[in-house]
Amino acid sequence: MVAFKVPGMTCGGCAASVRKALGAVAGVEDVQIDVATKDVRVTGAPDAEALRKALSNAGFDAEGLA
């Protein structure tokens, strides 16, 4: 599991965009999002840089993504 924050995620629409972007990354099995705390948990074995790139392409940044 990989856990990090997406500070620009402020609404359900943002969460849907984040979920869609991360869900398309190879190795991602599930994406759990808490919009209120801006927490994202990704299960599976994705590459952290691929997650970061997918978020960037969707217009978001990640904090704490190693």
Side-chain angles (χ1 to χ4, degrees):
M1 181 188 70
V2 180
F4 53 93
K5 290 194 179 281
V6 178
M9 186 174 56
T10 59
C11 66
C14 294
S17 295
V18 168
R19 184 182 312 279
K20 182 177 179 181
L22 295 176
V25 174
V28 171
E29 294 175 5
D30 187 41
V31 178
Q32 297 177 11
I33 295 175
D34 185 330
V35 177
T37 61
K38 303 183 185 328
D39 289 327
V40 176
R41 288 189 201 113
V42 176
T43 55
D47 177 67
E49 189 55 38
L51 294 175
R52 189 182 317 281
K53 184 175 181 180
L55 283 172
S56 178
N57 288 342
F60 297 94
D61 292 318
E63 288 182 356
L65 181 57

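Residue numbers count from 1 along this sequence.
Legend: residues meeting side chain to side chain contact (heavy atoms under 4.5 Å, CB included) with Asp47, ordered by chain and number and at least two apart, are Glu49, Ala50. Residues satisfying the side chain to side chain donor-acceptor pair (under 3.5 Å) criterion with Glu29, sequence neighbours excluded, are absent altogether. Among residues two or more places apart in sequence or in another chain, the side chain to side chain donor-acceptor pair (under 3.5 Å) test is passed with Lys53 by none. With sequence neighbours left out, the salt bridge (charged side-chain N to carboxylate O under 4.0 Å, His left out) criterion links Arg19 to no other residue. With sequence neighbours left out, Asp39 forms a side chain to side chain donor-acceptor pair (under 3.5 Å) with Lys5, Thr37.
The two residues Ala3 and Arg41 come nearest to each other via the heavy atoms CB-CG, 4.1 Å. The minimum heavy-atom distance between Ala21 and Ala58, with the atom names listed, is CB-CB, 3.9 Å. Nearest heavy atoms, Leu51 versus Pro46: CD1-CG, 3.8 Å.
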Donor-acceptor list for residues 9-18 side chains, cut-off 3.5 Å, not counting sequence neighbours:
residue	atom	partner	partner atom	Å
Ser17	OG	Gly13	O	3.2

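Side-chain contact between Leu55 and Phe4: present, with at least one pair of heavy atoms (C-beta onward) separated by less than 4.5 Å.
Surrounding CG of Asp30 are more than 12 heavy atoms belonging to other residues, nucleotides or ligands, all under 6.0 Å away.
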